[in-house]
Amino acid sequence: MKKITLIKGFKDILPDDSPAWRRIESIARDVFACFGFREIRVPIMEKTELFKRSIGETTDIVEKEMYTFRDRDDELLTLRPEATASVIRAYIEHNMLSENPIAKLYTIGPMFRRERPQKGRFRQFHQLDAEVFGDEQPQTDAEVIFMLFHFLHRAGLTQLAVEINSLGCKACRPKFSEAVVAYLKDVQNALCPDCQRRMNTNPLRVFDCKVENCGSIIAKAPQILAYLCGSCQNHFTAVKSYLADLKVPCSVNPMMVRGLDYYTRTAFEVKSGALGAQNAVAGGGRYDGLVSFLGGPEVTGIGFAVGLERLLASLPQAEQAKYQTDIFIAALGDRAQKTGFSLTNELRRAGISAETDYGNKSLKSQMKRADKLNSSFTLILGDKEIDEKQAQLRNMKTKDQQALSLDNLQEKLISIILNSNECRDG
RNA sequence: UGGGGCGUCGUCAAGCGGUAAGACACAGUAUUGUGGUUCCUGCAUUCGGAGGUUCGAAUCCUCCCGCCCCAGCCA
C-alpha cells in the first residue's frame with residue numbers, strides 16, 4: 001500500500017513542537033491585550049476577488065502564488081495568502097466602525113502561498129496579524145511598530161533589525177512612479193526581463209529585484225523619500241520621532257517598497273539575524289485607502305504580520321515538554337482490569353492525570369510503561385489485591401510502597417496525589 | 001519556473017557489482033507480580049519507483065517520483 005504523505009510545503013506541528021507554539025501565542029495575546037487589541041477569527045477561505053482587489057492584480061502573490069479553485073457552483077475561491085484582506089472584509093461586513101471609531105484587531109492562523117518551499121518558506125505557514133482601523137495619527141504608526149518590537153523581544157528574539165520607509169500617498173506616489181519609469185526607460189535594455197515587464201505593470205516592484213545588474217541600476221534610481229508630499233513628509237518625520245521616544249532601534253531603508261500594492265505612507269519590516277535567506281520575520285504598513293477601496297467607509301488602516309515559523313526558527317531551541325502523569329494503574333488479571341478501567345477514568349474525571357494499560361500485560365512491562373510516562377505513582381492492582389481487598393501504591397521516585405485498602409480507594413488516591421503535588425509545587 | 005544536493009528499518013547510518021553491518025528506538029525474556037542500569041532474543045526476502053546492462057545490482061545506465069537548499073518573492 002502506498003503511503004499517503006503531506007502536501008508539499010505543508011508541515012505537521014508535532015507534540016514536541018506545540019508547546020513552543022502555544023508559548024508564542026500566549027505571549028502575543030498578552031502583549032496585544034495590553035495595547036487594546038481584540039481577537040477576531042476569520043475564515044481561511046474567501047472569494048478570490050477579495051484578494052485580487054486588495055493585494056493587487058500585478059503582485060507576485062496574486063499572479064502566481066494563490067491557491068485558487070472553482071467551487072461546485074462555479075464560484076472562484078482562494079485559500080488566504082495573508083490575513084489583512086479578510087479582516088477588512090469582516091470589519092466592513094459587521095459595521096465595526098459604528099461600534100467604535102477606532103478598532104484594534106488581531107488574528108492568528110494559517111496562510112497559503114503556492115511557492116517553491118525552502119528554509120523559512122512554506123506553502124502553509126502561520127501568521128500573527130494585527131490591524132488598527134480609524135486612526136491616522138503618526139503616534140499610531142509608532143505604537144504599532146513598538147508593539148511588534150516589544151512582542152518579538154518578549155518572545156525572545158534578539159538581533160532585531162527594524163527598517164522603515166514611507167511609500168507616500170495617492171497624491172505623491174504617482175509622481176514618484178512616473179519618475180521611476182522615466183529613469184528606467186533610459187536603461188531599459190540593461191534590466192532583467194522580469195523588470196522590463198514590471199516597469200510597465202508595476203514599476204515599484206523593480207526595487208525588489210535581486211538581479212545584480214538591476215540592483216545597481218536601482219541604487220541610482222529616484223528615491224520615494226524625495227517625492228513625498230508635505231503631509232506625508234510630516235507624517236514620516238513624526239513617526240520617526242515617536243519611535244525614537246519609544247527607543248525602538250530602527251533604520252530608514254528608502255529602497256523598501258513591499259510586495260503588496262495597498263501600502264501607503266509608513267511601511268516597515270523586521271529582519272532577524274538568525275535566519276539566513278528568508279530573514280523577514282515580520283512586515284507591515286499603513287493602507288489608508290484600502291478599506292474604502294473594498295467598499296467600506298473612509299477609514300485609515302495600519303497593520304503587520306509576523307511569520308510564526310520564522311519567529312520560532314530564530315529562537316533558541318526550546319526544552320521539550322516531557323510526559324507528566326500523576327498515577328499509573330497497573331492492573332493484572334481480568335477482574336483487576338475491570339476495576340482498573342473504571343478507577344483510571346474516575347480519577348481523570350477528578351482532575352488527576354491517570355494512565356493504565358488495557359492489554360493485561362506483565363507487571364514488568366506495565367512498570368516500564370509507567371516509568372516512560374513519568375508517573376509519580378503506580379497503583380499495583382492484581383486479582384490477588386482484589387481478593388485481599390488491598391492495593392499497593394508505589395511512589396516511583398522514592399520506591400516506597402504502601403498498602404491501601406480498597407474501601408474509598410479513589411478518595412485516598414486523590415488526596416495522596418494532591419498532597420504530593422503541593423509538596424512538589426511548594 | 002530555473003539551479004544545486006540527497007533518497008538503505010520509526011530515527012541516525014555502513015555498504016560503492018557478489019547476494020543488506022551497526023547504533024538508538026521498539027517489543028519480548030531472565031523461578032507467568034515490581035520500572036529507570038544490565039543480560040539475552042526479535043526487529044529491511046529488501047535498499048524512493050519503473051525499466052535496462054550483467055551469471056549476479058542497494059551498488060552501473062535511463063526515465064520518473066519525492067524531499068531539502070538556493071534564486072525570484074515574501075512571513
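Residue numbering restarts at 1 for every chain, and letters A, B, ... go by the order of the sequence lines.
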Q: With respect to the side chain of A:Arg116, which nucleotide from B:A75, B:C69, B:G33 is positioned closest?
A: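 Nearest nucleotide to the side chain: B:C69.
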Q: Need the pair for B:A57. Rule: Watson-Crick or G-U wobble, both distances under 3.5 Å, any strand; none if unpaired.
A: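 Answer to the pairing question: none, since B:A57 forms no Watson-Crick or G-U pair.
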Q: Just checking A:Tyr106 against A:Phe37, ring centres under 6.0 Å apart?
A: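 Between A:Tyr106 and A:Phe37, the centre distance exceeds or equals 6.0 Å.
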Q: In whole Å, what separates the P atom of B:C47 from that of B:A58?
A: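 Nearest-Å result for B:C47 against B:A58 at atom P: 7 Å.
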Q: Answer whether the closest heavy-atom distance between the side chains of A:Leu76 and A:Glu49 falls below 4.5 Å.
A: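 Contact flag for A:Leu76/A:Glu49 side chains = no.
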Q: If we call it a pair only when both distances are under 3.5 Å in a Watson-Crick or G-U wobble match, what pairs with B:C73?
A: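 No nucleotide pairs with B:C73.
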Q: May I ask you to verify if any side-chain N or O of A:Lys8 is less than 4.0 angstrom from the OP1 or OP2 atom of B:C67?
A: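 Yes, within the criterion.
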Q: For A:Met396, answer base if it contacts any base atom (sugar-phosphate contacts may also be present), sugar-phosphate if it contacts only those atoms, and nothing otherwise; contact means non-hydrogen atoms under 4.0 Å.
A: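 Counting heavy atoms under 4.0 Å across all strands, the contact made by A:Met396 includes a base.
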Q: Is it true that A:Arg154 and A:Asp30 have a side-chain N and a carboxylate O under 4.0 angstrom from each other?
A: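 Salt bridge between A:Arg154 and A:Asp30, a charged N being under 4.0 Å from a carboxylate O: yes.
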Q: Under the 3.5 angstrom rule, does the side chain of A:Glu309 hit a backbone N or O of A:His126 as a donor-acceptor pair?
A: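 Yes, because the side chain of A:Glu309 sits within donor-acceptor range (under 3.5 Å) of the backbone of A:His126.
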Q: In whole Å, what is the span from the CD atom of A:Glu385 to the C1' atom of B:G33?
A: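 Distance, rounded to whole Å: 8 Å.
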Q: When you compare B:C43 with B:U53, how far apart are their C1' atoms, in angstrom units rounded to a whole number?
A: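 Between the two C1' atoms, the distance is 35 Å.
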Q: Looking at A:Lys364, I'd like to know whether one of its side-chain N or O atoms comes within less than 4.0 Å of OP1 or OP2 on B:U34.
A: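 For A:Lys364, the contact criterion (side-chain N or O under 4.0 Å from OP1 or OP2 of B:U34) is not met.
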Q: Watson-Crick or G-U wobble partner for B:A25, using a 3.5 Å limit on both distances?
A: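 Base-paired to nothing in any strand shown.
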Q: Rounding to an integer number of Å, can you tell me how far A:Asp383 CG sits from B:G33 P?
A: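 Atom-to-atom, A:Asp383 to B:G33, this comes out as 13 Å.
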Q: Given B:U1, B:U34, B:C73, identify the nucleotide with an atom nearest to the side chain of A:Glu65.
A: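 Ranking B:U1, B:U34, B:C73 by closest atom to the A:Glu65 side chain puts B:C73 first.
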Q: Between B:G48 atom P and A:Leu6 atom CG, what is the distance in whole Å?
A: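 So the two atoms are 20 Å apart, to the nearest Å.
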Q: Indicate yes or no: at least one non-hydrogen side-chain atom of A:Phe32 is less than 4.5 angstrom from one of A:Glu39.
A: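 Not in contact.
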Q: Output yes when at least one side-chain N/O atom of A:Gln118 is less than 4.0 Å from OP1 or OP2 of B:C68, else no.
A: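 Checking A:Gln118 against B:C68: no side-chain N or O falls below 4.0 Å of OP1 or OP2.
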Q: What is the distance, rounded to the nearest whole Å, between atom CD of A:Gln366 and atom P of B:G33?
A: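 Nearest whole value for this atom pair: 12 Å.
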Q: Assign A:Glu269 to base, sugar-phosphate, or nothing according to its heavy-atom contacts below 4.0 angstrom with the strands shown.
A: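 It contacts nothing in the nucleic acid.
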Q: Say you pick atom P in B:U45 and the same atom in B:G49; how far apart are they, in whole Å?
A: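 Going atom to atom, P in each nucleotide, I get 12 Å.
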Q: Thinking salt bridges, do A:Glu355 and A:Arg348 make one under a 4.0 Å N-O criterion?
A: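 A:Arg348 and A:Glu355: salt-bridged.
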Q: Please give, in whole Å, the distance from B:U32 P to A:Lys384 NZ?
A: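 Atom-to-atom, A:Lys384 to B:U32, this comes out as 13 Å.
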Q: Any side-chain N or O of A:Lys361 under 4.0 Å from OP1/OP2 of B:U34?
A: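 Indeed not, no polar side-chain atom of A:Lys361 lies that close.
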Q: Name the pairing partner of B:U37, where a pair is Watson-Crick or G-U wobble with both distances under 3.5 Å, or state none.
A: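 Check on B:U37: unpaired, no WC or wobble geometry under 3.5 Å.
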Q: Does the B:A71 base have a donor-acceptor partner in the side chain of A:Glu115 within less than 3.5 Å?
A: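 Such a pair does not exist between side chain and base.
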Q: Sticking with atom C1', work out how far B:G10 lies from B:A27, rounded to a whole angstrom.
A: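 My reading of the C1' atoms in B:G10 and B:A27 gives 13 Å.
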Q: So which one's nearest nucleotide on RNA chain B is more toward 5', A:Phe125 or A:Ser362?
A: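 Counting from the 5' end, the first nearest nucleotide belongs to A:Ser362.
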Q: Mind checking A:Ala370 for me? I need base, sugar-phosphate or nothing, with any heavy atom below 4.0 Å counting as a touch.
A: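 No contact.
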Q: Decide yes or no for A:Gln402 and A:Ile416: does some side-chain heavy atom of the first lie under 4.5 Å from some side-chain heavy atom of the second?
A: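 A side-chain contact exists here, since the closest heavy-atom pair is under 4.5 Å.
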Q: Among the nucleotides B:G35, B:G33, B:A75, which one has an atom lying closest to any side-chain atom of A:Gln127?
A: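 When the side chain of A:Gln127 is considered, B:A75 is the closest of B:G35, B:G33, B:A75.
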Q: How close or far is atom P of B:G2 from atom NZ of A:Lys64, stated in whole angstroms?
A: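 The distance from NZ of A:Lys64 to P of B:G2 comes to 13 Å, rounded to the nearest Å.
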Q: Would you mind telling me which of B:C26, B:A75, B:G33 lies closest to the side-chain atoms of A:Lys372?
A: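 It is B:C26.
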Q: May I ask which nucleotide in the shown strands pairs with B:C67, Watson-Crick or G-U wobble, both distances under 3.5 Å?
A: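 In the structure as shown, B:C67 has B:G5 as its Watson-Crick or wobble partner.
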Q: Do any side-chain nitrogens or oxygens of A:Lys368 fall under 4.0 Å of OP1 or OP2 in B:C26?
A: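 For B:C26, neither OP1 nor OP2 has a side-chain N or O of A:Lys368 closer than 4.0 Å.
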Q: For atom C1', what is the distance between B:A21 and B:A44, given to the nearest Å?
A: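 Nearest-Å result for B:A21 against B:A44 at atom C1': 13 Å.
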Q: Determine the contact category for A:Gln401: base if any of its heavy atoms lies under 4.0 Å from a base atom, sugar-phosphate if only primed atoms, P, OP1 or OP2 are that close, otherwise nothing.
A: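 Base contact.
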Q: Under the 3.5 Å rule, do the base of B:G35 and the side chain of A:Arg369 count as making a donor-acceptor pair?
A: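 No.
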Q: Please evaluate the base of B:U34 for a donor-acceptor partner in the side chain of A:Gln392 within a cut-off of under 3.5 Å?
A: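 No, no donor-acceptor pair under 3.5 Å.
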Q: Under a 3.5 Å distance rule, please check whether A:Arg310 uses its side chain to pair with a backbone N or O of A:Gly120 as donor and acceptor.
A: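 The answer is yes, because a donor-acceptor pair under 3.5 Å joins these two groups.
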Q: Using the P atoms only, state how far B:C68 lies from B:C73, rounded to an integer number of Å.
A: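 Looking at atom P only, B:C73 and B:C68 are 22 Å apart.
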Q: Please give the distance between the P atoms of B:U59 and B:G2 as a whole number of Å.
A: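 About 28 Å, rounded to a whole number of Å.
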Q: Determine the interatomic distance between C1' on B:G48 and the same-named atom on B:C6; round to the nearest Å.
A: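 It comes out at 11 Å once rounded to the nearest Å.
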Q: Grab the CZ-P distance between A:Phe112 and B:A75 for me, whole Å please.
A: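 Atom CZ in A:Phe112 sits about 16 Å away from atom P in B:A75.
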Q: Let me know the distance between CG of A:Leu160 and P of B:A75, rounded to the nearest Å.
A: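 One finds 17 Å between P of B:A75 and CG of A:Leu160, rounded.
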